[in-house]
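Read through the structure below, which is laid out as C-alpha cells, and then see the notes.
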Amino acid sequence: MKGCYAPRIGGWDTHGLPVELEVEKQLGISSKSQIEEYGVDRFNELCRQNVNGYLHEFEELIERIAYWVDLEHPYITMSNDYIESCWWAIKQMWDKGLVYQGYRVTPHCPRCGTSLSSHEVAQGYKEDTEDPSVYIKFKVLKDSSGSLPVDKPVYLLAWTTTPWTLAGNTALAVAPDAEYVVLEGEKDYLVMAARLVGAVGLDDYQEVNKLEGKALVGVDYQPLFNPHDFNVERLRFQEDGSLLEQKYDKSLTYRVISGDFVTMNDGTGLVHIAPAFGEVDYEAGKEWGLDFVQQVDLQGNITGSYPFGGKFVKDADLMIIDDLKSRGLLLRSETIRHTYPFCWRCEAPLLYYAKETWYIKTTAMKDGLISGNNEINWYPEHIKYGRFGDWLQNNIDWAFSRERYWGTPLPVWRCESCGQLDCIGGLDELKQKDGFSGLKEPLDLHRPFVDELTFACSKCGSQMKRVPEVIDCWFDSGAMPVSQLHYPFENKELFDKELNQADFICEAVDQTRGWFYSLHAISTLLFNKPCFKNVICLGHILDPRGEKMSKRKGNVVWPFEVIKKYGADALRWYLYTASAPGNPRQFDEKQVNEVSRRFLSTLWNVYSFFVMYANIDNYTPSDEPASSTEAELDRWILSELNQLIKDVDTALDGYNPTDAGRKLENFVDGLSNWYVRRSRRRFWKSENDADKLSAYNTLYRCLVTLAKLMAPFTPFLAEELYRNLVRSAFPDAPESVHLADFPVPDEGQIDKQLADDNRLAMKVCSLGRAARSQAGIKVRQPLETFYVGVTSDWEKHALDRAASLVLEELNVKELMYDSLEKVAGLEGSGYAVASETGNNVAISTYITAELEAEGMAREIVHRVQNMRRSAGYDIADHIIVYYEADAFIMQSLSSFADYVMQETLSRHIEDDVPDEVDLKETFKISGYTILLGVKKAE
RNA sequence: GGGCCAUUAGCUCAGCUGGUUAGAGCGCAGUCCUGAUAAGACUGAGGUCCCUGGUUCGAGCCCAGGAUGGCCCA
C-alpha cells in the first residue's frame, strides 16, 4: 500500500528434537539405541511425514488470520537446498577458524541423550524441585597447615544436592579469604566456614579454633570412593588441558583447593568439586590439575561396581546416602526445594556432564555482535540494551552439535586413520573429492544416507567419514536469510544486492535467546552486519490469571476457537489495541468480544447505514475529491479524517500499532456518535439537494478511507468495505484494498479551529444532557432556553457556528450566552444547571402548554416508529396513521400534524382506528391514553 | 543470586517532556435516547496511583530503598 516491494517468504522449521520425540512416542520407544535398532532411515522418514502432517494445519491458521506471507514458495529447512546453504554457512565459519570441538561440561539430557543449548536449558527450569540436601564428612589424612587438631579424627564438611556426583569428587574448594572454624564434637572435629555454622545448625559442636580459608589449601583428605576399587578409570588434567589416564593407586588422596567461586550463600563454605559434572568444577580441574572421574554414562546410569552401580543417578542418590551413613561419613541428610533445570521437552532432569561437543566460537565476534545490535531499532526499547544486550555481553560459545538423527547433518568429515578433519560447504565440493562414493538417488542429505558418503583423506589417503552429529535446529532457523534463497548456489545477486538484511522482524520476547539471537549471530559471523533493522518484540499472551500459557498446564487458548467465535479481525484488533505489543497481556476472550461490539460493529453499522440510504437514493459515488462543502459538519469530519490519516501514518511509521488503533477507535466513535447521529436527517430528507449529496460524499469518503487505513489491521472487514464501496462502483480500481494506495492526508482540510469548536459544542451538549437528566426531563420533551456560560469570544463564536446542532441535539428552542457566574446563578430559578471544569450550562425547566403539546407529538412519533418496525415495513414505505384519544392529544396532533406525518412517512392521520389496520396498540403517555393503528399506504 | 518489565477503579488498560478536581472501556445501580446500531447518551457508586523516604513551589510521573507479580538468566 506504500508502494514498496515486500517479499515475505513463508517458511517451515522442520528439524529438531520435538519431532523426534513425537515419532518416538508414536513408535512407543524412548531411547537412542531403540531408534538405531528401528533403523535411522525409517525413523527419519517418519519424522518427515510427521512434519508434513502439521504443515496443512499451520497453513490453515496462517490463511485464516490473514498472516501475509508467501505460502506458495516456502522454504523448508529439511530440503536438500536448505541444508546445503547451512553447510555453506558452517564452512564459512570453519574457514575462519570459528568451529571447534571442545571437551566441556554441558547440560545433558540423559533421556534424549543429547546436550542442550543454553537457550533450551533456559526453558526448562522448574522451581520447587525436591532434591536431597546432604552434609558429608571428608576425612582429613594429612594437614600441612598445622592448624588442625590431632587428638580426634578431623572431617571437612561439604554440602551437595547431587549425591550421585560424590563418587566423582576429586577436590574440595574453599574461599581463601573467608574465615573457617574448627568445631569439636564428642568423637570428632568438623571444619567449615564460620559464617555458615548457624545456618547448618551444629548444636553438639563447640568452636575451638579459627583459621583463614587459604590455610586449608593443600590439606589432604580421603576420597569417599576410590575409583580404582570400583573399576572406574581415573584421569588427570594435564598442562594443556587434556586428560591422561592414571595408574592404579590404592592409597589415593585428594586435596583442598581455593576458588573465587566459593560463596557463603549456602552450604558449608567447602565446595565439593567433581570436574566431570560441573562447568566450574571442570575449569577448576584444569586450573589445579585435578583428577577426573566420570562414573556415569550418557544415559545417566552409574557405571562401575559401586553398590549403586547400574542405577540411574537420581535413583542412586538414596543408596549413596545410606552407604555414606553406614560408614559414618554423613552428618545429615534432608530434602530441599530449589530451582533445577529439566529437559524442556521430555522433562527429564538435566545432568551437567563433561563431553565432546562442537562449538561455534561466537565469543570471537562478540564486539561485532554488540556493535551490530547498536544499529538495530528495538521496540520496546529496553530490550536492546536490556535483555538482548545483556545476553550479547555475556555471550558464550554456541554448542551447536546434537547427537541425534533428524537434523541438518554437521558437514564435518574425519579421517578414520589419521584424524584429519574436513568441513564441506556444498554438494559439488563433496562430489569433487578424491575417492568420493556412496551417493544414492534420489538425493537425501539426512542421516543415514549422508553418513554413507565418503572420500579419501587428503593427508593419508584413508577413508574420510562424516562425524555422527547433527546440528542444533536453531542454526537452521538462524541461517534462514541465506538458506531460504539457497544462497550462494542460487539467487546470489538477489541476496547480495537486496535481500541480505530484513527491514522488520516481529517475534515474542522468548526469541531474544532464540531466533533473534541465532539470526543475529549467524549474520554477524557471515557478513559482519546485523540481520534486521527493526524489531517489534512481543510480550507473551498470558492466561486470565497472568500465567504463561503452556500445553503442559492446559491453560492454552486455541486461536481457532477464538477466531471461530469472534472472527480473525476481532482477535487481531484486540491484540493491536489492548496494550502496547511489548507488554505481556492477560488474555480473556471476553475482551475480544468487547472489541468486536464496541468498535467493529459500530463501524459496520455506520457502513450499513450508509449502504441502506445510498441504495434508496441511488447514490453514485464520484471519484472526484470531496469538494469544499458548505456544511460545517462535513468539513469537521473531513478535518478529523485527514488528521486521522496523519496520526495513523505517523504511529505506524513509529512501529506503534497500538496508538494507530486507538486513533482509529476514537475516529469511528466520533463518526458514528456525532457525525452520523447529527446527519441522519440529511440522509433521510426527501429532497436530493446539494446538502444531501455532500453528506453522502463525505460519509463515503470517510468509509473508503477507513477501509484503507484499516486494511493492515483488519484485512477482512477492510476488504469487504472496499469491494462494495469502491470496486463495485469503479471497476478500474485496484481489485483489493490491499493493493490500493495508503491514504495521504490533505493538510488543507485539517482545520484545528473547527475541531476545537466542535469539541466545545460536544462538551456543551453533554453538559446539557446532564442538566436535563438532573431535572428529570427527557430529551423528547422540547424546552425553551439553553444558556451556556462562556469566557471568551471564541467560545461564543464557536457555539454560534454549531448552534443548529446544539439546539437539535438538546431539543431546545434558543441558545443564549452569559458569564460563568451568571449561568451558575440561574440554578433554582426555573433552570437546571450542570458544570464541569471551565464550562457550565443552564437549561430552562418550565414547560409551557405548547411545549407540552410538541413533546406529546414527539412521543407519538416515537410510538409510531416502533410500530412501523414491528409491522415490518420497509424504511421507505408510506403509511396511514389512525388514532383514538382525548382532547389534549387530539389538539397536539392537529397542531403538529405536518411534523408527525413527515417524521413517520404518513400520507395522513385519521382520528378513528378501523379494524383493518396492520397493527394497533394502546399506549399510556404521561397520563394520557392513546390507541394507535398503522396501515401501509397504497 | 543477577537482569529486564510491571504494579493506577471490581476487571482490562490510558495517563505525552512533573502543573487545576487522575481518565477510558467493560461490569454494577439507575435514568434516558433511538427509523443505522444486539448500538448509544447521562447520572451514580467504585482510587492510600504497591509501600517508605527523598528532590521540587508542586510527584501517578523524577531519585533511592523495599514489597509483590511476570519474564529471562544463573
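In the text below, chain A, chain B and the rest are named by the order of the sequence lines, each starting its count at 1.
With a cut-off of 3.5 Å on both pairing distances, rC16(B) has no Watson-Crick or G-U wobble partner at all. Base pairing analysis places rG1(B) opposite rC73(B); the two distances defining the Watson-Crick or G-U wobble pair are each below 3.5 Å. With a cut-off of 3.5 Å on both Watson-Crick or G-U wobble distances, the partner of rU34(B) is given as none. Nucleotide rG25(B) forms a pair with rC11(B), judged by Watson-Crick or G-U wobble geometry with both contacts under 3.5 Å. Base pairing of rA45(B): no nucleotide in any strand meets the Watson-Crick or G-U wobble criterion (both distances under 3.5 Å). Under the Watson-Crick or G-U wobble criterion, with both distances below 3.5 Å, rC62(B) is paired with rG54(B).
Distance noted for atom P between rG66(B) and rC26(B): 41 Å (whole Å). Taking the P atom of each, rA59(B) and rG70(B) are spaced 33 Å apart, rounded to whole Å. Rounded to the nearest Å, the gap between the C1' atom of rC13(B) and that of rG30(B) is 26 Å. To the nearest whole angstrom, the two C1' atoms, one in rG60(B) and one in rU20(B), are 15 Å apart. Distance noted for atom C1' between rU31(B) and rA45(B): 15 Å (whole Å). When the C1' atom is compared between rU37(B) and rC11(B), the two are found 26 Å apart, to the nearest whole Å. Here the separation of rC61(B) from rU21(B), taken at their P atoms, is 16 Å to the nearest Å. For the C1' atom pair drawn from rU12(B) and rU7(B), the interatomic distance equals 14 Å after rounding to whole Å.
Listed candidates were rG3(B), rA14(B), rU34(B). Nearest to the side chain of R662(A) is rA14(B). Residue H382(A) places its side chain closer to rC5(B) than to any other of rG40(B), rC13(B), rC5(B). Distance from the side chain of N605(A) is smallest to rA39(B) among rA39(B), rA14(B), rG70(B). Side-chain proximity of N583(A) to rA14(B), rG40(B), rA36(B): nearest is rA14(B). Checked against rA39(B), rG3(B), rC72(B), the side chain of T602(A) finds its nearest nucleotide in rA39(B).
Taking atom CD of residue Q393(A) and atom P of nucleotide rG3(B), one finds them 14 Å apart after rounding to whole Å. Per the geometry, CG belonging to L767(A) stands 15 Å off P belonging to rA41(B), to the nearest Å. In this structure, L392(A) places its CG atom 15 Å from P of rC4(B), rounding to the nearest Å. We find that CZ of F587(A) is positioned 20 Å from C1' of rC71(B), with the value rounded to whole Å. Between the CG atom of D669(A) and the P atom of rA14(B) there is a distance of 19 Å, given to the nearest Å. The CG atom of D390(A) sits 10 Å away from the C1' atom of rC72(B) (whole-angstrom rounding). A straight line from OH of Y385(A) to P of rG2(B) spans 25 Å, rounded to a whole angstrom. In this structure, the CD atom of E665(A) is 12 Å from the C1' atom of rA14(B), given to the nearest Å.
Residue H520(A) is tested with W515(A), W398(A), F388(A) for a ring pair (Phe, Tyr, Trp, His ring centres under 6.0 Å); the sole match is F388(A).
When heavy atoms are screened at a 4.0 angstrom cut-off, R769(A) is found touching the sugar-phosphate backbone but no base atom. Residue T512(A) is out of contact with every strand shown, counting any heavy-atom pair closer than 4.0 Å. Within the nucleic acid shown, V606(A) comes within 4.0 Å of at least one base atom, counting heavy atoms only.
In the model, N697(A) has a side-chain atom that pairs as donor or acceptor with a side-chain atom of Y619(A) under 3.5 Å. N373(A) and Y385(A) are not linked by any side-chain donor-acceptor pair at a separation below 3.5 angstrom, with hydrogens and angles left out of the test.
Ring geometry for F609(A) against Y613(A) counts as tilted: the plane angle lies between 30° and 60°, on a 0 to 90° scale. The aromatic rings of Y576(A) and W573(A) sit perpendicular, their planes meeting at an angle over 60°, well past the 30° parallel limit.
The base of rA14(B) does not come close enough to the side chain of S579(A) for any donor and acceptor atom to sit less than 3.5 Å apart. No donor-acceptor contact under 3.5 Å links the side chain of R387(A) to the base of rC5(B).
At the phosphate of rA36(B), OP1 or OP2 sits under 4.0 Å from a side-chain N or O atom of Y613(A). Contact between the side-chain N/O atoms of R597(A) and the OP1/OP2 oxygens of rA39(B) is found at a separation under 4.0 Å. Distances shown here put a side-chain N or O of R680(A) below 4.0 Å from the OP1 or OP2 atom of rA36(B). Distances shorter than 4.0 Å separate some side-chain N or O of Q586(A) from OP1 or OP2 on rU12(B). Applying the 4.0 Å criterion to OP1 and OP2 of rC33(B), one finds that R780(A) has a side-chain N or O inside that range.
Of the two residues contacting RNA chain B, namely P584(A) and V676(A), the nearest-nucleotide position lying further toward the 5' end is that of P584(A). Of the residues near RNA chain B, M612(A) and E594(A), the one whose nearest nucleotide (by heavy atom distance) lies more toward the 5' end is E594(A).
Aromatic ring centres of F516(A) and W391(A): separated by at least 6.0 Å. For F277(A) and Y282(A), the gap between ring centers reaches or exceeds 6.0 Å.
For Q586(A), the CD atom counts as densely surrounded, since its 6.0 Å shell holds more than 12 non-hydrogen atoms of other residues, nucleotides or ligands.
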